[in-house]
Amino acid sequence: DFYEDLERDNSRDWWLAHRDRYDTAVRAPMAALAAALEPEFGTAKLFRPHRNLRFSADKTPYKTHQGLVVATATRMGWYVQVSADGLMTSAGWYASSPDQLARYRRALDDEAPAEALETILDDLRAQEYAVGGGRLKTRPRGVPPEHPFLELLRHRTLTVRREYGEPEWLPTPEVLDRVAADWRAYQPLIEWLAEHVEVPAGTSAAQ
């Protein structure tokens, strides 16, 4: 409800008039969720409500969602957010560096890790998770059109997620069980990415 109202009036005056509502109905429950997830998944970061306007044509000052992330590696991790659309959980590789992208593509030139990733994503789809991420419209330069893992190679980032909307359990402690169950389901993808995409400290993709 808070974010539905914010979308109608995303202004500083509205925000200041409803800041207490944000603190008690959005920020505090998300902080409690982060604390409850921490023993199993690690320390979470809650994102600030203010948008970065420096390079954006959209000058509305406030984000229309509240997210938290647990980083598992550089540009990778578990994520959950609440917005006017309700609850969403996600995980994966959400932004790429050239080194990471090079490692990802090299992994898919090897049949074993490529098939392992394909199996992980098929299993997640079977559980009704959505596979997403940034993708090329065509194939990467130098990749033949008959490459057996071409669809995976189009990815520049790779994520999975589930949209819940506004279920009855959203404002109850059951939300912890739901988020934790999703994050556990995402674990095989997180592990694959850590092995094949994350660039170890002090190395580069050329090594």
Side-chain angles (χ1 to χ4, degrees), residues 1-38 40-97 100 128-137 155-183 185-186 189-190:
D1 292 345
F2 174 84
Y3 283 112
E4 287 175 353
D5 293 343
L6 178 60
E7 286 182 358
R8 285 191 286 267
D9 186 358
N10 194 326
S11 68
R12 186 171 183 274
D13 287 345
W14 187 92
W15 181 268
L16 292 176
H18 295 83
R19 177 61 192 257
D20 288 347
R21 186 178 165 200
Y22 166 77
D23 288 339
T24 58
V26 179
R27 185 88 180 178
M30 288 292 277
L33 178 61
L37 290 165
E38 182 174 343
E40 181 174 354
F41 299 99
T43 302
K45 172 189 174 183
L46 268 70
F47 290 101
R48 292 167 48 113
H50 305 85
R51 295 181 62 246
N52 185 343
L53 306 181
R54 287 176 298 172
F55 307 107
S56 176
D58 178 2
K59 298 303 180 183
T60 52
Y62 302 104
K63 297 174 184 174
T64 54
H65 61 272
Q66 175 64 61
L68 70 84
V69 65
V70 175
T72 58
T74 305
R75 302 179 180 88
M76 300 175 195
W78 288 290
Y79 181 74
V80 59
Q81 77 171 32
V82 65
S83 68
D85 294 327
L87 184 76
M88 184 267 284
T89 71
S90 181
W93 173 36
Y94 51 83
S96 64
S97 69
Q100 288 176 323
E128 299 184 345
Y129 294 105
V131 176
R135 284 168 51 91
L136 298 172
K137 293 182 179 179
H155 280 271
R156 297 180 57 86
T157 59
L158 183 58
T159 59
V160 289
R161 68 179 184 176
R162 172 168 282 166
E163 303 271 2
Y164 281 100
E166 301 177 66
E168 292 182 359
W169 48 260
L170 182 56
T172 77
E174 186 179 341
V175 71
L176 170 62
D177 298 330
R178 298 281 187 154
V179 173
D182 284 355
W183 284 10
Y186 303 149
L189 176 61
I190 289 290

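Heavy atoms only: backbone and side chains are in, while hydrogens, waters and symmetry mates are out. Numbering starts at 1 and runs along the sequence shown.
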Please report the interatomic distance [atom1]([X]) to [atom2]([Y]), rounded to the nearest 0.5 Å.
X   : Y   : atom1 : atom2 : value
D85 : E4  : CG    : CD    : 8.5 Å
E7  : H65 : CD    : NE2   : 11.0 Å
Y3  : N10 : OH    : CG    : 10.5 Å
L6  : K63 : CG    : NZ    : 12.5 Å

Exercise: identify the closest heavy-atom pair between [X] and [Y]:
X    : Y    : result
A180 : F41  : O-CZ, 3.7 Å
G92  : I190 : N-CD1, 3.9 Å
L170 : G165 : CD2-O, 4.3 Å
S97  : R75  : CB-NH1, 3.5 Å
L68  : A44  : CD1-CB, 3.8 Å
G77  : Y94  : N-CE2, 4.0 Å

*After noting the C-alpha distance and the side-chain angles of W183 and V80, does the key distance pass the side chain to side chain contact (heavy atoms under 4.5 Å, CB included) rule?*
CA-CA 9 Å; W183 284 10; V80 59; 4.0 Å; yes
Under the 3.5 angstrom rule, does the side chain of [X] hit a backbone N or O of [Y] as a donor-acceptor pair?
X    : Y    : value
S90  : V160 : yes
W14  : L16  : no
Q100 : T74  : yes
R51  : D58  : yes
T157 : G134 : yes

*Specify whether W15 and Y62 have parallel, tilted or perpendicular ring planes, treating 30° as the upper limit for parallel and 60° as the lower limit for perpendicular.*
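Aromatic pair W15/Y62 classed parallel.
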_Tell me whether the rings of F2 and Y22 are parallel (<30°), tilted (30 to 60°) or perpendicular (>60°)._
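Correct class here is tilted.
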*Show the numbers, then the answer: is there a side chain to side chain contact (heavy atoms under 4.5 Å, CB included) between D182 and Y164?*
CA-CA 11 Å; D182 284 355; Y164 281 100; 2.8 Å; yes
Taking atom [atom1] of [X] as the centre, does the number of heavy atoms from other residues, nucleotides or ligands within less than 6.0 Å exceed 12?
X    : atom1 : result
D1   : CG    : no
E40  : CD    : yes
R161 : CZ    : no
R27  : CZ    : yes

*asked:* S83 vs M88, test: side chain to side chain contact (heavy atoms under 4.5 Å, CB included). Steps then yes/no.
replied: CA-CA 8 Å; S83 68; M88 184 267 284; over 6 Å; no
With side chains defined as the heavy atoms from C-beta onward, is the minimum distance between [X] and [Y] less than 4.5 Å?
X   : Y    : answer
L87 : W169 : yes
F47 : Y79  : yes
L37 : V70  : no

*Step by step, would you call T60 with L53 a side chain to side chain contact (heavy atoms under 4.5 Å, CB included)?*
CA-CA 8 Å; T60 52; L53 306 181; 5.8 Å; no
